[in-house]
Amino acid sequence: MANLKVRCSMGVETDVRFKVSVKTIPENRLVFSETFAPNTTITVPLEPRKYQLEISNNACLSPRKIVKYLDFTRQCEYGYNPVYTAPLRIPVRTLDIRVTDTNYPNIIPINGGITVCRLSTR
Amino acid sequence: MQTVYTIDFTNSTAQNVQLPIGTYAVTANNLKGYAGTTISTFTVTPNTTQINLQVTADGTLNITVKDNQNNPVTAGTLQFSNAVGNVPYGSTVNIGATGNATFRNVPHDAVNGIDLFVSQPTSDASHNPITVPQAVDMVGATQNETILNDTKAITVTLNVADANYPGITPINGSLTAELRAAQ
(Lines give C-alpha, C1' and ligand atoms only; values in the text may rest on other atoms or scores of the structure.)
Protein backbone atom coordinates (compact mmCIF):
# COMPACT_ATOMS: atom_id res chain seq x y z
CA MET A 1 0.00 0.00 0.00
CA ALA A 2 1.04 3.58 -0.63
CA ASN A 3 -0.53 6.69 0.67
CA LEU A 4 -1.76 9.34 -1.70
CA LYS A 5 -1.91 12.69 0.04
CA VAL A 6 -3.97 15.57 -1.33
CA ARG A 7 -4.19 19.08 0.00
CA CYS A 8 -6.54 21.62 -1.55
CA SER A 9 -5.81 25.32 -1.21
CA MET A 10 -8.59 27.82 -1.85
CA GLY A 11 -7.18 30.90 -0.25
CA VAL A 12 -9.87 32.68 1.72
CA GLU A 13 -12.67 30.63 0.18
CA THR A 14 -13.37 28.65 3.30
CA ASP A 15 -17.02 28.19 2.40
CA VAL A 16 -16.18 26.14 -0.68
CA ARG A 17 -15.55 22.41 -0.49
CA PHE A 18 -13.41 20.22 -2.68
CA LYS A 19 -14.02 16.73 -3.85
CA VAL A 20 -11.40 14.05 -4.35
CA SER A 21 -12.13 10.99 -6.41
CA VAL A 22 -9.81 8.20 -7.47
CA LYS A 23 -10.55 5.73 -10.26
CA THR A 24 -8.59 2.77 -11.48
CA ILE A 25 -7.02 2.78 -14.91
CA PRO A 26 -8.07 1.31 -17.27
CA GLU A 27 -11.18 -0.11 -15.57
CA ASN A 28 -12.41 3.31 -14.48
CA ARG A 29 -13.58 1.84 -11.22
CA LEU A 30 -14.22 4.35 -8.46
CA VAL A 31 -12.18 3.44 -5.40
CA PHE A 32 -12.42 6.68 -3.44
CA SER A 33 -14.71 9.72 -3.46
CA GLU A 34 -15.17 12.19 -0.62
CA THR A 35 -15.65 15.90 -0.06
CA PHE A 36 -13.46 18.00 2.21
CA ALA A 37 -12.93 21.48 3.55
CA PRO A 38 -10.06 23.40 1.98
CA ASN A 39 -6.59 23.51 3.45
CA THR A 40 -6.81 20.05 4.91
CA THR A 41 -4.61 17.18 3.90
CA ILE A 42 -6.30 13.89 3.21
CA THR A 43 -4.62 10.53 2.89
CA VAL A 44 -5.84 7.77 0.59
CA PRO A 45 -4.20 4.34 0.83
CA LEU A 46 -3.82 2.85 -2.65
CA GLU A 47 -2.58 -0.36 -4.22
CA PRO A 48 0.52 -0.26 -6.43
CA ARG A 49 -1.24 0.28 -9.75
CA LYS A 50 -2.39 3.10 -12.04
CA TYR A 51 -5.11 5.54 -11.06
CA GLN A 52 -6.79 8.66 -12.22
CA LEU A 53 -7.03 11.37 -9.54
CA GLU A 54 -9.69 14.05 -9.95
CA ILE A 55 -9.89 17.09 -7.65
CA SER A 56 -12.70 19.59 -8.07
CA ASN A 57 -14.43 22.31 -6.10
CA ASN A 58 -18.17 22.77 -5.79
CA ALA A 59 -18.34 26.32 -7.03
CA CYS A 60 -21.30 26.09 -9.35
CA LEU A 61 -20.58 29.19 -11.37
CA SER A 62 -16.96 28.61 -12.10
CA PRO A 63 -15.84 25.22 -10.88
CA ARG A 64 -12.25 24.20 -11.12
CA LYS A 65 -11.11 20.65 -11.78
CA ILE A 66 -7.70 19.05 -11.81
CA VAL A 67 -7.08 15.59 -13.29
CA LYS A 68 -3.84 13.74 -12.71
CA TYR A 69 -2.68 10.31 -13.71
CA LEU A 70 -0.91 8.37 -10.99
CA ASP A 71 1.39 5.46 -11.67
CA PHE A 72 1.77 3.73 -8.36
CA THR A 73 3.54 0.83 -10.00
CA ARG A 74 6.61 3.00 -10.29
CA GLN A 75 8.84 2.81 -7.30
CA CYS A 76 9.36 6.56 -7.08
CA GLU A 77 5.65 7.26 -6.88
CA TYR A 78 5.04 4.29 -4.66
CA GLY A 79 7.87 4.97 -2.29
CA TYR A 80 7.59 8.68 -1.71
CA ASN A 81 3.90 8.98 -0.89
CA PRO A 82 3.46 11.99 -3.16
CA VAL A 83 1.44 14.95 -1.96
CA TYR A 84 -0.67 16.68 -4.59
CA THR A 85 -1.51 20.22 -3.73
CA ALA A 86 -4.41 21.46 -5.79
CA PRO A 87 -4.92 25.22 -6.12
CA LEU A 88 -8.65 25.42 -6.69
CA ARG A 89 -9.14 29.04 -5.81
CA ILE A 90 -12.29 30.63 -7.16
CA PRO A 91 -11.54 33.51 -9.53
CA VAL A 92 -11.49 36.89 -7.85
CA ARG A 93 -12.91 39.89 -9.70
CA THR A 94 -11.67 43.42 -9.28
CA LEU A 95 -14.72 45.68 -9.15
CA ASP A 96 -15.84 49.23 -8.71
CA ILE A 97 -18.89 49.44 -6.45
CA ARG A 98 -21.11 52.51 -6.29
CA VAL A 99 -23.85 53.13 -3.76
CA THR A 100 -26.63 55.69 -4.19
CA ASP A 101 -29.70 56.67 -2.22
CA THR A 102 -32.81 55.02 -3.63
CA ASN A 103 -35.07 58.01 -3.04
CA TYR A 104 -32.66 60.95 -3.15
CA PRO A 105 -29.82 60.18 -5.57
CA ASN A 106 -26.70 62.16 -4.70
CA ILE A 107 -28.36 63.80 -1.70
CA ILE A 108 -25.11 63.29 0.21
CA PRO A 109 -21.80 61.68 -0.70
CA ILE A 110 -22.09 58.33 1.01
CA ASN A 111 -19.11 57.37 3.12
CA GLY A 112 -18.35 54.51 5.43
CA GLY A 113 -18.32 50.78 5.18
CA ILE A 114 -20.54 47.85 4.43
CA THR A 115 -19.90 44.20 5.01
CA VAL A 116 -20.81 41.57 2.48
CA CYS A 117 -21.17 37.87 3.05
CA ARG A 118 -21.15 35.39 0.24
CA LEU A 119 -24.39 33.43 0.17
CA SER A 120 -23.42 31.12 -2.64
CA THR A 121 -20.79 30.62 -5.28
CA ARG A 122 -23.39 30.94 -8.00
CA MET B 1 -17.95 29.22 7.78
CA GLN B 2 -19.09 32.17 5.69
CA THR B 3 -16.43 34.56 4.46
CA VAL B 4 -17.19 38.20 5.27
CA TYR B 5 -15.65 41.09 3.38
CA THR B 6 -15.61 44.75 4.43
CA ILE B 7 -15.99 47.36 1.68
CA ASP B 8 -15.27 51.03 2.39
CA PHE B 9 -16.87 53.81 0.39
CA THR B 10 -15.53 57.31 -0.21
CA ASN B 11 -17.93 59.72 -1.89
CA SER B 12 -20.30 56.86 -2.74
CA THR B 13 -17.65 54.79 -4.52
CA ALA B 14 -15.40 51.88 -3.62
CA GLN B 15 -12.78 51.19 -6.25
CA ASN B 16 -10.70 48.11 -7.01
CA VAL B 17 -12.63 45.87 -4.65
CA GLN B 18 -11.58 42.26 -4.96
CA LEU B 19 -14.36 39.71 -4.52
CA PRO B 20 -14.61 36.07 -5.52
CA ILE B 21 -17.48 35.27 -7.82
CA GLY B 22 -20.71 34.51 -6.02
CA THR B 23 -23.84 36.05 -4.57
CA TYR B 24 -23.49 38.35 -1.59
CA ALA B 25 -25.72 39.57 1.22
CA VAL B 26 -25.00 43.13 2.32
CA THR B 27 -25.08 44.76 5.75
CA ALA B 28 -24.84 48.55 5.89
CA ASN B 29 -23.54 48.55 9.44
CA ASN B 30 -21.16 51.48 9.11
CA LEU B 31 -22.52 53.49 6.21
CA LYS B 32 -22.90 57.06 7.43
CA GLY B 33 -26.53 58.08 7.29
CA TYR B 34 -27.71 54.59 6.46
CA ALA B 35 -26.60 52.45 9.40
CA GLY B 36 -28.69 49.38 9.88
CA THR B 37 -30.57 49.74 6.61
CA THR B 38 -30.97 47.04 4.01
CA ILE B 39 -29.22 46.70 0.68
CA SER B 40 -30.27 44.04 -1.80
CA THR B 41 -28.03 41.09 -2.55
CA PHE B 42 -25.71 41.32 -5.54
CA THR B 43 -23.91 38.81 -7.70
CA VAL B 44 -20.35 38.85 -8.98
CA THR B 45 -19.93 36.88 -12.20
CA PRO B 46 -16.74 36.14 -14.13
CA ASN B 47 -17.50 39.20 -16.27
CA THR B 48 -18.53 41.70 -13.59
CA THR B 49 -16.57 44.94 -13.49
CA GLN B 50 -18.99 47.26 -11.67
CA ILE B 51 -21.74 46.90 -9.11
CA ASN B 52 -24.33 49.61 -8.48
CA LEU B 53 -25.97 49.36 -5.08
CA GLN B 54 -28.96 51.31 -3.85
CA VAL B 55 -29.58 52.06 -0.22
CA THR B 56 -32.81 53.26 1.35
CA ALA B 57 -32.60 55.32 4.52
CA ASP B 58 -35.16 55.02 7.32
CA GLY B 59 -35.37 58.55 8.75
CA THR B 60 -38.46 60.78 8.86
CA LEU B 61 -38.22 64.55 8.68
CA ASN B 62 -41.35 66.52 9.61
CA ILE B 63 -41.22 70.17 8.58
CA THR B 64 -43.68 72.88 9.51
CA VAL B 65 -43.61 76.04 7.40
CA LYS B 66 -44.82 79.16 9.22
CA ASP B 67 -44.51 82.89 8.80
CA ASN B 68 -43.37 85.52 11.28
CA GLN B 69 -46.93 85.81 12.59
CA ASN B 70 -47.01 82.08 13.36
CA ASN B 71 -49.47 81.49 10.53
CA PRO B 72 -48.88 78.28 8.56
CA VAL B 73 -48.16 78.19 4.87
CA THR B 74 -51.24 76.28 3.76
CA ALA B 75 -50.17 74.93 0.36
CA GLY B 76 -47.15 74.40 -1.85
CA THR B 77 -44.24 71.99 -1.91
CA LEU B 78 -40.89 71.36 -0.28
CA GLN B 79 -37.86 69.93 -2.00
CA PHE B 80 -34.43 68.61 -0.99
CA SER B 81 -31.67 70.17 -3.03
CA ASN B 82 -28.00 70.99 -2.97
CA ALA B 83 -26.82 73.96 -0.92
CA VAL B 84 -27.24 76.35 -3.82
CA GLY B 85 -30.67 75.10 -4.74
CA ASN B 86 -30.09 74.40 -8.41
CA VAL B 87 -29.93 70.58 -8.11
CA PRO B 88 -33.07 68.97 -6.69
CA TYR B 89 -32.89 65.61 -4.90
CA GLY B 90 -35.85 63.28 -5.10
CA SER B 91 -39.48 64.27 -5.44
CA THR B 92 -41.26 67.27 -3.99
CA VAL B 93 -43.36 66.86 -0.85
CA ASN B 94 -46.70 68.61 -0.49
CA ILE B 95 -47.35 71.10 2.29
CA GLY B 96 -50.65 70.41 4.01
CA ALA B 97 -53.26 72.87 5.21
CA THR B 98 -51.59 73.09 8.62
CA GLY B 99 -48.19 73.88 7.14
CA ASN B 100 -46.80 70.38 7.64
CA ALA B 101 -44.79 68.34 5.16
CA THR B 102 -43.09 65.00 5.73
CA PHE B 103 -39.99 63.64 4.02
CA ARG B 104 -39.58 59.89 4.40
CA ASN B 105 -36.55 57.63 3.91
CA VAL B 106 -34.20 60.40 4.96
CA PRO B 107 -30.59 59.58 5.90
CA HIS B 108 -29.65 60.46 9.48
CA ASP B 109 -26.62 60.17 11.70
CA ALA B 110 -26.75 60.46 15.48
CA VAL B 111 -23.07 61.32 15.86
CA ASN B 112 -22.33 63.93 13.22
CA GLY B 113 -25.73 64.57 11.68
CA ILE B 114 -26.48 64.71 7.98
CA ASP B 115 -26.48 68.17 6.38
CA LEU B 116 -29.52 68.59 4.19
CA PHE B 117 -30.98 71.59 2.38
CA VAL B 118 -34.67 72.27 1.87
CA SER B 119 -36.26 74.80 -0.44
CA GLN B 120 -39.90 75.64 -1.09
CA PRO B 121 -40.44 75.75 -4.86
CA THR B 122 -44.16 76.57 -4.64
CA SER B 123 -46.28 78.29 -2.02
CA ASP B 124 -49.74 79.49 -1.13
CA ALA B 125 -51.12 82.87 -2.17
CA SER B 126 -49.90 84.66 0.94
CA HIS B 127 -46.28 83.55 0.93
CA ASN B 128 -43.48 83.54 -1.58
CA PRO B 129 -41.53 80.40 -2.48
CA ILE B 130 -38.23 79.93 -0.63
CA THR B 131 -35.56 79.85 -3.29
CA VAL B 132 -32.59 79.97 -0.92
CA PRO B 133 -32.37 76.48 0.62
CA GLN B 134 -32.63 76.23 4.37
CA ALA B 135 -30.14 73.98 6.16
CA VAL B 136 -31.38 71.05 8.23
CA ASP B 137 -29.08 68.84 10.30
CA MET B 138 -30.66 65.38 10.35
CA VAL B 139 -29.56 63.77 13.60
CA GLY B 140 -32.49 61.70 14.79
CA ALA B 141 -34.38 58.93 13.05
CA THR B 142 -37.46 61.14 13.45
CA GLN B 143 -36.94 64.87 13.52
CA ASN B 144 -39.26 67.88 13.61
CA GLU B 145 -38.18 71.21 12.15
CA THR B 146 -39.81 74.58 11.48
CA ILE B 147 -38.97 76.75 8.50
CA LEU B 148 -39.80 80.44 8.55
CA ASN B 149 -41.42 81.91 5.45
CA ASP B 150 -42.36 85.55 5.96
CA THR B 151 -45.67 86.85 4.66
CA LYS B 152 -45.48 87.85 1.04
CA ALA B 153 -44.38 91.47 0.55
CA ILE B 154 -46.47 93.56 -1.86
CA THR B 155 -44.95 96.42 -3.81
CA VAL B 156 -47.11 99.53 -3.23
CA THR B 157 -46.79 103.28 -3.64
CA LEU B 158 -47.45 105.37 -0.48
CA ASN B 159 -48.40 109.03 -0.62
CA VAL B 160 -48.27 111.33 2.41
CA ALA B 161 -49.88 114.76 2.60
CA ASP B 162 -50.44 117.46 5.23
CA ALA B 163 -53.90 116.89 6.70
CA ASN B 164 -54.75 120.60 6.82
CA TYR B 165 -52.69 122.08 4.05
CA PRO B 166 -52.33 119.46 1.36
CA GLY B 167 -49.47 120.32 -0.89
CA ILE B 168 -48.18 123.09 1.32
CA THR B 169 -44.72 121.58 1.19
CA PRO B 170 -43.21 118.54 -0.50
CA ILE B 171 -42.85 116.15 2.43
CA ASN B 172 -39.46 114.36 2.60
CA GLY B 173 -37.86 111.95 5.06
CA SER B 174 -38.92 108.50 6.30
CA LEU B 175 -41.40 106.84 8.63
CA THR B 176 -41.47 103.37 10.25
CA ALA B 177 -44.30 100.84 9.93
CA GLU B 178 -44.95 97.80 12.15
CA LEU B 179 -47.00 94.80 11.04
CA ARG B 180 -49.81 94.30 13.55
CA ALA B 181 -51.84 91.57 11.78
CA ALA B 182 -51.16 89.47 8.70
CA GLN B 183 -53.99 88.94 6.24
Select all residues of residues 84-102 of chain B having any heavy atom within less than 4.5 Å of some heavy atom of chain A, and report them by number, or 'none'. B:Y89, B:G90
Which answer fits B:T41, side chain, backbone, both or neither, if we ask what part of it has an atom under 4.5 Å from a heavy atom of chain A? side chain
Note: A:R98 and B:N11 closest approach over all heavy atoms is NH1-O, 4.1 Å
Keeping A:R118 on the side-chain end and B:G22 on the backbone end, is there a donor-acceptor pair under 3.5 Å? no
Side chain to side chain contact (heavy atoms under 4.5 Å, CB included) partner of A:L95, chosen from B:V44, B:T49, B:N16: B:V44
Over all atoms of both residues, closest heavy-atom pair of B:I21 and A:R93: CG2-CG, 4.0 Å
What option among B:T37, B:I39, B:N52 has the most heavy-atom pairs under 4.5 Å with chain A? B:N52
Between B:V106, B:N47, B:T6, B:L19, the one whose heavy-atom pairs under 4.5 Å with chain A are most numerous: B:L19
Please give me the minimum heavy-atom distance between B:P107 and A:D101, naming the atom from each residue. CD-OD2, 4.0 Å
Could you tell me which non-hydrogen atom of A:I114 sits nearest to which non-hydrogen atom of B:A28, and how far apart they are? CG2-CA, 4.0 Å
Options B:V26, B:T27, B:D8, ranked by heavy-atom pairs under 4.5 Å with chain A, top entry: B:T27
Does anything in residues 122-178 of chain B pair up under ring pair (Phe, Tyr, Trp, His ring centres under 6.0 Å), and if so which pairs, sequence neighbours excluded? none
Could you grab the distance from atom CD1 of A:I97 to atom OG1 of B:T13, nearest 0.5 Å is fine? 10.5 Å
For B:Y34 and A:I108: C-alpha separation, side-chain torsions, deciding distance, then whether side-chain contact (heavy atoms from CB on, under 4.5 Å) applies. CA-CA 11 Å; B:Y34 301 88; A:I108 58 169; 4.0 Å; yes
Does some side-chain heavy atom of B:T56 sit less than 4.5 Å from a side-chain heavy atom of A:N103? yes
Got a second to check how far B:M138's CE is from A:I107's CD1, nearest 0.5 Å? 9.5 Å
First locate atom OG1 of A:T102, then atom CD of B:Q54, and finally report the distance between them rounded to the nearest 0.5 Å. 4.5 Å
B:N82 versus chain A, heavy atoms under 4.5 Å apart: side chain, backbone, both or neither? neither
What do you reckon, is NZ of A:K50 surrounded by more than 12 foreign heavy atoms closer than 6.0 Å? no
Would you please name every residue forming a side-chain hydrogen bond (donor to acceptor under 3.5 Å, both in side chains) with B:R104, sequence neighbours left out? none
Select all residues of residues 112-123 of chain B having any heavy atom within less than 4.5 Å of some heavy atom of chain A, and report them by number, or 'none'. B:I114, B:D115, B:L116
With rounding to the nearest 0.5 Å, note down the distance linking CD1 in A:I110 to OG1 in B:T10. 12.0 Å
Using 0.5 Å steps for rounding, measure from the CD1 atom of B:I7 to the OG1 atom of A:T115. 8.5 Å
Taking all atoms of both residues into account, what is the closest heavy-atom pair of B:N105 and A:Y104, and its distance? O-CE1, 3.2 Å
